[in-house]
Novice: 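Sharing a structure here in structure tokens format.
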Amino acid sequence: MNTLLEDILVLDFSQFLSGPSAGLRMADMGARVIKIERPGTGDICRMLYVSDVKLPGGESTIFHAINRNKESFAADIKDEVSLRSVKKLIAKADVMLHNFRPGVMERIGLDYERVKEINPSIVYGEISGYGQEGEWKHLPGQDLLLQSVSGITYLTGNAGHPPVPMGVAVADIIAGTHLSQGILAALLQLLHTGEGALIQVSMLESLLDFQFEVLTCFFNDGNDMPLRSAVNGAHAYIAAPYGIYKTADGYIAIAMAPVAKLGELMGTDALSGYTKSEDWFAKRDKIKGVLQGVFMQKATAVWLSVLEPADIWCADVYDYDDLLASEGYKLLEMEQWVVSDKVKIKTTRCPVRVDGNMLTSQRGAPLLGEHNEKIAKEFGL
Amino acid sequence: MQLPLKGIVALEFSQYLSGPCAGLRLADLGARVIKIEHPEKGEAGRRLVIKNLWVDESSLLFHTINRNKESFAVDLNNEGDMQWLRKLVARAHVITHNFRPGVMERKGLGYEDVKQMNASIVYTQISGYGEKGPWKNKPGQDLLVQSLSGLAYTTGSYDDAPMPCGLSIGDYLCGNQAVQFIIAALIKAKKTGHGTLLQLSLMESLIDFQFEFFTTYFQSKKVPQRARFNNANSLLSAPYGIYGTADGYIAIAMMPLNELNKALQCEALRVYSEEDSFSKRDEIKEIIARHLLTGTNQYWLQKAEALDLWIMPVLSWKEMRAAEGYKILEMEQEIMLAKDQSFVTTRCPVRINKQLLKSNKPAPSIGENNANIKASLA
């Protein structure tokens, strides 16, 4: 057995990012992942135009990043004949997952209760936006909307900013990760019991879990709302100097550090009075304002050469160009090329090393229905 | 309900958030998670406090991350303690640690040593930046890794300074990636009897998190730029973003401009076609923003609902907690402490067979389970 999930067959009915990112991770672990897609259009993400960057054939870079290392079986599950084929596939699968809105799979006849009749040991995963019941259950599970409902937009940025969403689809990615955790745990249990399971996550519950540390603070501290710092906000609950500061030629990030000592190292006596750690939170805006003024006087590299040797936790602030040029990034070998029928693109690899090896795969995202013939033959559909 | 990881023993040498949040998930899924702590100092996270909230000798933050676990206090420099620990390692299924590279090896607890004691162990090590290279001794602190990973340039608008995520996202994501791979490796161990070494870093987890952006950047060779106005995702066109209204904020997801304008009825927006939605996104979004200030949240949300548009109100925690849609999730649970005290925290976000995974077991005191564990090993 060469991979962690060898011989595991996953049928992925999901679209966009949340479910497919779970499928991607299982594919990286060695599972065989087959996307079940609607003929004609397929996963809507194929045509999700992103910025002005498109690949030959009009498909989005994002689709190719999310769906590498998978197969595609095009089938209209609303059509009875196709549905019969899909059910034959389900009978052979170890895992299936979807991210349709609540009720859709019930109407098609592929909800867990009915799938269990076809395959009692299947692990069935589903991702919703807001859970399976309640006033929000029919709402679209869209990342920005979920971020907005979850309160997370009041944690990033400064006090003077409007609510600020995270610029990456964090709800999708975290929900996909949680789904994969649940599915894998059920697969492990299956080895003992022979029984399958229904695993459910929602993007809202996943975003609440992501905020578990600060939400717990809120629950138990008289429901005090988070207050972002007015200056250089980085974390609403952490004291000065924590933040990103502008320097003479760029930026520098400073994590937790004793304020008076930091001031001394930076050659200012304006902070010498701040020896008590209580003040670092209560007076953080004032402290950070002073620090910002001093940081502006010299270049980032100069500050790093002063602060790093003194064990102050600090770092440069990189954009992608800076990062790719750095030695530390190159050593990680995070990039890989994947090849599809029409295109060859560069993307990132799975971030985890197993037995010292990187998990890479050159297999690019499939064309819509690319594997229909092969799968039909193999499974006698 | 029998939890799926019942019978699994995980030893947590980890500190702060990345490793311990992985341990918390394993515990909620049914594993027995034992923190290995120094007899006097304990895990460093016990003294990491936010808003000065303490439960006992340990902070509320520590209690939040370490509920549902046990504690075995041992001095890794004491040979007597190490003998007990080696017995425990021989019976464990999982080890996690997030020491800097080399520390566990010096204690005789590196993967090669542990494999001799326990061939099927799933051994997980989390670092800040990987285990070699110029960053290997740099503190693996979340804000620093965010800053080096490019993430700070994905959030906020073009004229803002680089804006970090207001949560310890590198720690959290890395811990959650670890959980997936630990369980997958347990599946392999069950089938083959072979253990696995897993290596993760906050940096690789944060690059993975941005994989859509990196892939787009590799193709275009241009760093994605945040929109000048109301940026919410640098890869997306107008109207995507959060907008102020007369009395609050609303979020507008991706949708064709003419669809949006059925709700807005904004004259100035009519001249823009869908082709303009990316190239002219800033001016379009400014027009939308000015127009939305003329109505209240409720006014716009009613219009959006009638047209089935992807628009939601932006809620604070207080507003969210008062909403029916939040209450029905039953996301909160009470953790029982000594002396009739308790605190409220969130539960595991995964449901199994429609059951919520709840546990009211609190975090352990340092060495709380030493006697029991030693008795079971004797």
Side-chain angles (χ1 to χ4, degrees), chain A residues 1 4 29 50-51 53 61-62 65 131 134-136 140 142 144-145 148-149 151 155-156 163 165 167 177-178 180-182 184-185 188-189 191 198 200 205-206 208-209 212 216 219-220 234-235 237 244 253 255 313 315 317-320 323 327-328 331-332 334 346-348 351-353 355, chain B residues 4 29 50 64 133-135 139 141 143-144 147-148 150 153-155 162 164 166 176 179-181 183-184 187-188 190 192 197 199-200 204-205 207-208 211-212 214-220 223 232 235 251 253 310 312 314-315 317 320 324-325 328-329 331 343-346 349-351 353:
Chain A
M1 185 160 164
L4 299 178
M29 291 173 176
V50 163
S51 66
V53 184
T61 49
I62 286 189
E135 58 176 338
W136 291 334
Q142 196 284 325
L144 176 65
L145 305 184
S148 297
V149 168
L155 295 174
T156 292
T177 304
H178 292 161
S180 167
Q181 292 172 352
L184 292 165
L188 178 62
Q189 189 173 36
L191 296 176
L198 170 64
Q200 294 169 301
E205 286 162 286
S206 288
L208 295 170
D209 182 72
F212 79 121
T216 301
F219 292 154
N220 298 286
H235 194 298
Y237 289 86
I244 289 178
W313 291 7
V317 182
Y318 285 170
D319 68 10
Y320 291 172
L323 177 68
E327 194 56 30
L331 278 169
L332 292 176
M334 267 314 281
K346 194 197 276 182
T347 184
T348 54
V352 182
R353 286 168 207 247
D355 291 331
Chain B
L29 290 169
I50 53 177
T64 304
W135 294 331
Q141 196 282 329
L143 177 66
L144 307 187
S147 298
L148 290 172
Y153 281 100
T154 62
T155 293
N176 274 274
V179 171
Q180 299 181 73
F181 279 79
I183 303 173
I187 291 172
K188 178 179 172 177
K190 178 77 188 165
T192 67
L197 169 66
Q199 293 161 296
L200 299 92
E204 287 162 289
S205 289
I207 292 171
D208 175 64
F211 77 127
E212 298 176 296
F214 275 106
T215 306
T216 302
Y217 164 68
F218 293 152
Q219 189 71 15
S220 71
V223 179
L235 301 178
W310 288 17
M312 285 295 277
V314 180
L315 303 183
W317 284 339
M320 173 188 77
E324 205 50 49
I328 203 158
L329 296 176
M331 199 60 202
F343 71 96
V344 177
T345 187
T346 53
V350 179
R351 290 167 198 241
N353 294 331

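Just so you know, these numbers come straight off a predicted model, no measurement behind them.
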Novice: Under 4.5 Å between any side-chain heavy atoms of A/Glu205 and B/Met331, yes or no?
Specialist: yes
Novice: Side-chain contact test, heavy atoms from C-beta onward, threshold under 4.5 Å: evaluate it for A/Ile62 versus B/Thr216 and give yes or no.
Specialist: yes
Novice: Examine distances only and state if a side-chain atom of B/Thr154 and a backbone atom of A/Gly167 form a donor-acceptor pair shorter than 3.5 Å.
Specialist: no
Novice: Below 4.5 Å, heavy-atom pairs only: which of A/Asp319, A/Asn220, A/Thr348 has the largest tally toward chain B?
Specialist: A/Asn220
Novice: Between B/Glu204 and A/Arg353, is a side-chain contact (heavy atoms from CB on, under 4.5 Å) present by the stated rule, with each step listed?
Specialist: CA-CA 10 Å; B/Glu204 287 162 289; A/Arg353 286 168 207 247; 3.5 Å; yes
Novice: For B/Met320 and A/Leu208, what are the C-alpha separation, side-chain angles and deciding distance, and is it a side-chain contact (heavy atoms from CB on, under 4.5 Å)?
Specialist: CA-CA 11 Å; B/Met320 173 188 77; A/Leu208 295 170; 3.6 Å; yes
Novice: Looking at B/Pro139 and A/Trp313, what are the two nearest heavy atoms and their distance?
Specialist: CG-CD1, 3.6 Å
Novice: If you take the centroid of each ring, where Trp contributes its six-membered ring, are A/Phe219 and B/Phe343 closer together than 6.0 Å?
Specialist: no
Novice: Picking from B/Ile50, B/Asn176, B/Leu148, which has the most non-hydrogen pairs under 4.5 angstrom with chain A?
Specialist: B/Leu148
Novice: Between B/Pro134, B/Gly133, B/Ser205, who has the most heavy-atom pairs with chain A when the cutoff is under 4.5 Å?
Specialist: B/Pro134
Novice: Rounded to the nearest 0.5 Å, what separation is found between the CD atom of A/Gln189 and the CD1 atom of B/Ile183?
Specialist: 11.5 Å
Novice: State, to 0.1 Å, how close B/Pro349 and A/Asp209 come at their nearest heavy-atom pair, and which atoms those are.
Specialist: CD-OD1, 3.6 Å
Novice: Side chains of A/Thr61 and B/Thr215 only: does a donor on one sit below 3.5 Å from an acceptor on the other?
Specialist: no
Novice: For side-chain contact (heavy atoms from CB on, under 4.5 Å), just list the numbers for B/Val344 and A/Thr216, CA-CA rounded to whole Å, side-chain angles, deciding distance to a tenth of an Å, and then say yes or no.
Specialist: CA-CA 6 Å; B/Val344 177; A/Thr216 301; over 6 Å; no
Novice: Using modelled atom types and a 3.5 Å cut-off, is there a donor and acceptor pairing between side-chain atoms of A/Asp355 and backbone atoms of B/Leu197?
Specialist: yes
Novice: Chain A heavy atoms under 4.5 Å from B/Tyr217: which part of the residue, side chain, backbone, both or neither?
Specialist: side chain
Novice: Examine distances only and state if a side-chain atom of A/Glu135 and a backbone atom of B/Glu324 form a donor-acceptor pair shorter than 3.5 Å.
Specialist: yes
Novice: Compare every heavy atom of A/Leu144 with every heavy atom of B/Ala232, then report the nearest pair and how far apart it is.
Specialist: CB-CD1, 4.1 Å
Novice: So which of B/Phe218, B/Trp317, B/Phe181 has the largest heavy-atom pair count under 4.5 angstrom toward chain A?
Specialist: B/Trp317
Novice: Dump the intermediate steps for side-chain contact (heavy atoms from CB on, under 4.5 Å) on B/Gln180 and A/Thr177, then the final yes or no.
Specialist: CA-CA 8 Å; B/Gln180 299 181 73; A/Thr177 304; 3.2 Å; yes
Novice: Give me the atom names and distance for the closest heavy-atom approach of B/Ala251 to A/Leu145.
Specialist: O-CD2, 3.5 Å
Novice: Can you see which heavy atom on B/Tyr153 is nearest to which on A/Tyr318, and at what distance?
Specialist: CD1-O, 3.3 Å
Novice: Do you know the tightest heavy-atom contact between B/Pro164 and A/Ile244?
Specialist: CD-CD1, 3.8 Å
Novice: Quick check for you: among A/Ala185, A/Gly134, A/Ser180, which has the greatest number of heavy-atom pairs under 4.5 Å with chain B?
Specialist: A/Ala185
Novice: To the nearest 0.5 Å, what is the distance between NZ (B/Lys188) and CG (A/Leu188)?
Specialist: 14.5 Å
Novice: Heavy-atom distances under 4.5 Å only: say whether B/Trp135 touches chain A with side chain, backbone, both or neither.
Specialist: side chain
